[in-house]
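One structure below.
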Amino acid sequence: MKNIITSLMLAFSVYSYSQTEKETDSIVETSINALDEIVIVKKKVLYTQKSDRMVFNVENSIVSEGGTALDVLSRAPGVVVSQDGELSIRGQQGVGVMINGKLTQLSQKELANYLKSTTSSNIKQIEVITNPSSKYDATGKAGIINIILKKPSNSGLKGTAFSSYGRGRKNRTNSGINLSYNKDKFGVYGNYSYTFRGEEERKKYDQIQYTDNTRQEIVTKNYQNATTDEPLTSNNFKIGTTYEISPKTNLEAYVDAKIGRYENIANGRNTLLNAQDQLQFDALTYNDSKEKWNDYTYAFSGVHKFNTQGRNMTFDFEYETSKFRSNQFQSAKNTDQSSSTVINDRRGFIPSQLKVFTGKVDFTNPLKEKESIEWGFKAGLKNNDNPSVYEYNENNQWTIDANSTNHFEYKEQIYAAYANYKYQMEKLNIQGGLRTEYTAINILQKTLNEEHKDDYLKWFPSVSMKYEFNENNSVHASYSKRINRPSQFDLNPFRFYDDSFNYSQGNPNLVPEITHAAEIGYAWKSTFMASVYFSKTKDVFTEVYVYNPATNTTVTSQINVDKSYNYGVNITNTNEIYKWWSLSTLFNVFENKFMGNTVNTDKIDPIITFNLSAQNAFTISETWKAEANAQYQSKSNLGIYERADFFDFSIGISKQILANKGNIKLNFTDIFNTNNFDIKSVIGQTGINKQYELDNRIATIAFTYRI
């Protein structure tokens with residue numbers, strides 16, 4: 001089935017490429033303050049291609065309705081989501097995530113929970129920005145994903161109410177309302193959403209331990225499996241106000257709150273065999289992790305126009321406070337009566353408090369008729385306090401585990417300044433800029449009374465251009481330098497247990513990744529765009545693992561590898577095959593190449609990977625619309641891991657009702673249940689194979705009503 005559908009997708013791509021349109025590139029009509037843009041199709045398009053980014057118009061996607069932000073991101077062009085919510089673009093990890101242009105400060109786990117609890121009904125667009133200008137933060141070696149939420153209406157009382165129900169292995173629901181009222185110079189808006197996401201995953205880990213690095217003789221074989229129950233509940237609300245002081249000055253203030261809880265209950269088994277397949281150890285495992293969080297953001301922003309020629313100033317100040325608590329319990333019962341091995345029950349109490357202040361001021365100054373310069377400043381202060389306690393039960397008494405318990409405090413300060421110059425001629429548009437960021441970190445291990453300080457100043461140039469040969473043909477090119485800093489959790493050397501046999505450990509010696517990325521592309525009319533891209537990363541992060549057969553435990557951590565290369569070709573083609581059928585095809589082929597010593601090996605074999613996506617939109621009638629979307633990616637490498645190929649096929653249909661104020665949508669995602677996450681790796685003396693049967697096959701019915 002997979003091969004048949006993949007062949008159909010390729011056939012559709014060839015057919016749509018042969019079509020022609022007489023629409024012109026909309027870059028001709030853009031002003032100096034707008035970035036060069038190519039609109040792929042004329043009417044409600046699914047994708048919009050710009051010179052430095054691809055825009056996914058979520059509100060035009062039927063199959064995205066009723067899901068979460070993380071579900072939608074998995075369908076964004078070039079984006080892949082791992083089983084634990086980590087994002088990658090074009091096969092590269094290390095992605096900066098912004099919400100309405102503001103960089104998030106959450107950890108990977110906290111961000112994954114937030115994205116799972118954010119309903120797709122509130123999302124307008126997702127921008128995948130591969131080479132951001134110097135105006136943007138330099139964070140994210142693979143680029144930036146900007147999630148743009150829907151804005152309140154400009155006048156009168158307007159609003160939207162929505163509700164959906166979905167069923168995979170578990171139930172999923174989300175409901176909410178968006179309201180806004182604007183009169184004269186004053187406006188007020190607010191939204192609330194409730195999300196319940198039931199989820200069941202099935203996991204399987206196989207590990208083989210060899211006598212040496214030649215891997216000719218097996219010592220042990222370890223098999224683990226588990227079925228999880230992962231209910232997530234969240235309540236998100238936002239309330240804000242806008243006020244026009246004068247025709248030149250506007251102010252806005254809001255409070256944004258995210259409150260939720262999540263539980264991961266896993267029942268499984270862990271079996272250890274020797275080389276002769278004789279049983280060495282067999283245990284039934286139980287793990288229960290309960291998490292709660294509340295996150296409040298207070299923001300104040302404004303814009304002032306100095307004149308009508310485009311000279312203006314914007315400012316944005318934001319304070320975020322977040323509390324996260326995780327209570328863990330892990331148990332393993334040995335079923336082998338002949339074994340003397342005893343596994344102690346474990347429990348952990350992991351509170352975390354995050355405080356972040358960010359402030360920035362941006363200016364736009366027209367120099368001449370065709371020239372302008374943007375410049376500004378930003379400051380970010382972060383403090384994360386993480387007093388974690390782990391205990392184990394021995395002789396019916398709970399004893400503190402000194403190897404895991406630790407009071408860890410992380411402080412970070414980042415100060416930035418930038419300038420970005422734009423010049424627009426008749427056929428040539430150029431922008432170039434320079435950003436500088438000073439970073440100071442202070443790591444305090446209070447339990448050990450150890451302190452580590454570091455500071456560094458980095459410069460980040462960027463440049464992009466576009467040249468139009470005529471109304472049908474144009475080329476563009478861009479370059480940027482970026483950074484990916486290790487998080488506080490990456491640096492914390494104490495243990496974080498997933499279960500009794502698997503834990504992760506931070507590496508305080510990690511240094512930031514530095515990436516140089518370049519891209520050159522060609523566009524024909526408004527339907528076809530192709531680009532070639534290349535990036536080089538120094539001190540690249542790579543996840544590694546070490547298996548200890550004596551304790552039957554696997555330790556996962558990160559190290560810096562000397563360098564890596566990512567290069568590939570990206571092709572986008574969109575066309576209206578018939579008046580009732582339009583097709584957007586995205587094809588990307590890339591390769592990741594890592595160089596440097598990694599746990600007793602100096603070679604990670606590169607893999608050529610291709611990703612093909614076909615998004616079909618059908619207009620059945622004025623009120624009926626449908627979609628059929630398919631995506632296939634061949635095997636790829638993620639550092640030391642090789643990910644197996646995966647396939648996703650989803651369909652949806654929508655009907656406008658109630659005088660076109662209401663809309664009902666029905667969609668089925670991952671119909672063939674083939675979008676799973678399977679990875680394997682063989683390094684040193686250990687081979688590992690992880691299979692995650694994800695809960696992606698979902699049927700959802702959603703209703704939206706415009707007030």
Side-chain angles (χ1 to χ4, degrees), residues 69 85 96-119 122 137 139 147 149 189-195 232-241 251-262 289-302 315-327 348-361 378-389 406-416 439-444 446 485-492 496:
V97 177
M98 297 193 302
I99 310 294
N100 286 338
K102 299 177 181 179
L103 193 68
T104 62
Q105 301 293 336
L106 302 174
S107 69
Q108 177 186 317
K109 186 177 184 65
E110 292 168 336
L111 178 61
N113 284 339
Y114 168 66
L115 295 175
K116 287 179 181 178
S117 63
T118 300
T119 175
N122 284 334
D137 291 80
T139 297
I147 302 172
L149 303 179
Y189 61 89
N191 60 64
Y192 168 78
S193 65
Y194 167 82
T195 300
L232 179 148
T233 304
S234 71
N235 293 271
N236 298 344
F237 67 86
K238 182 177 182 179
I239 184 169
T241 182
L251 300 178
E252 180 179 6
Y254 68 81
V255 178
D256 190 1
K258 300 175 272 290
I259 303 170
R261 63 179 184 272
Y262 166 79
S289 176
K290 295 182 173 67
E291 300 175 1
K292 292 183 178 181
W293 65 87
N294 57 72
D295 184 284
Y296 298 94
T297 300
Y298 308 89
F300 178 62
S301 61
F315 64 88
D316 197 327
F317 299 100
E318 187 175 281
Y319 175 71
E320 178 181 4
T321 175
S322 174
K323 291 184 179 180
F324 175 86
R325 184 175 72 235
S326 174
N327 293 339
F349 307 94
I350 312 171
S352 176
Q353 183 169 3
L354 174 70
K355 296 179 180 180
V356 182
F357 170 80
T358 56
K360 65 175 184 176
V361 181
K378 181 178 180 180
L381 309 176
K382 178 195 294 186
N383 181 285
N384 188 278
D385 194 17
N386 181 216
S388 58
V389 177
N406 179 46
H407 191 172
F408 179 81
E409 187 174 15
Y410 178 85
K411 295 181 180 180
E412 178 185 87
Q413 301 178 59
I414 300 177
Y415 302 96
T439 304
I441 62 173
N442 185 359
I443 301 173
L444 182 59
K446 292 186 176 182
R485 301 175 180 87
S487 71
Q488 61 267 30
F489 300 100
D490 296 327
L491 298 170
N492 191 343
F496 295 88

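Position 1 is the first residue of the sequence; numbering continues from there.
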**Q.** Ile443 CD1 to Leu491 CG distance, which is reported to the nearest 0.5 Å
**A.** 4.5 Å

Q.
Ignoring hydrogens and geometry beyond distance, is a side-chain donor-acceptor pair present between Tyr254 and Glu252 at under 3.5 Å?
A. no

Q.
To the closest 0.5 Å, what do you measure between OG1 (Thr104) and CG (Leu115)?
A. 8.0 Å

Q.
Quick check: closest heavy atoms across Tyr410 and Pro486, and the distance to 0.1 Å?
A. OH-O, 4.2 Å

Q.
Has Ser322 got a side-chain atom pairing as donor or acceptor with Leu354's backbone, closer than 3.5 angstrom?
A. no

**Q.** For Thr358, all residues meeting side-chain hydrogen bond (donor to acceptor under 3.5 Å, both in side chains), sequence neighbours excluded
**A.** none

Q) Mind checking what makes salt bridge (Lys or Arg N to Asp or Glu O under 4.0 Å) contact with Asp385, not counting sequence neighbours? A) none

Q: Considering non-hydrogen atoms only, spot the tightest contact between Pro387 and Pro351 and give its length.
A: O-CD, 3.2 Å

Q | side chain to side chain contact (heavy atoms under 4.5 Å, CB included) partners of Lys258, counting only residues at least two apart | A | Tyr114, Asn236, Asp256, Asp295, Thr297

Q | Distance (rounded to the nearest 0.5 Å) between Glu318 CD and Lys360 NZ | A | 9.5 Å

Q. Below 6.0 angstrom between ring centroids: does that apply to Phe300 and Phe315?
A. yes

Q: Mind checking the CG-CD1 spacing from Asn235 to Ile259? Nearest 0.5 Å is all I need.
A: 6.5 Å

Q: Could you tell me whether the side chain of Gln353 reaches within less than 4.5 Å of the side chain of Lys355, counting heavy atoms only?
A: yes

Q: Could you list the residues that satisfy side-chain hydrogen bond (donor to acceptor under 3.5 Å, both in side chains) with Asn191, not counting sequence neighbours?
A: none

Q. More than 12 heavy atoms of other residues, nucleotides or ligands under 6.0 Å from NZ of Lys411: is that the case?
A. no

Q. Listed by chain and number, what are the side-chain hydrogen bond (donor to acceptor under 3.5 Å, both in side chains) partners of Ser388, not counting sequence neighbours?
A. none

**Q.** Sidechain-backbone polar pair: Asn492 side chain, Phe489 backbone, donor-acceptor under 3.5 Å
**A.** no

Q. Does NZ belonging to Lys323 count more than 12 external heavy atoms closer than 6.0 Å?
A. no

Q. Do Arg485 and Ile441 come close enough that some side-chain heavy atom pair is under 4.5 Å?
A. no

Q.
Quick check: do Phe317 and Phe357 have side-chain heavy atoms less than 4.5 Å from each other?
A. yes

Q. What is the distance from atom CD of Glu320 to atom OH of Tyr298, rounded to the nearest 0.5 Å?
A. 10.5 Å

Q) Roughly how far, to the nearest 0.5 Å, is NE2 of His407 from CG of Asn386? A) 8.0 Å

Q: Mind checking side-chain hydrogen bond (donor to acceptor under 3.5 Å, both in side chains) for Asn294 and listing every partner two or more places apart, or none if nothing turns up?
A: none

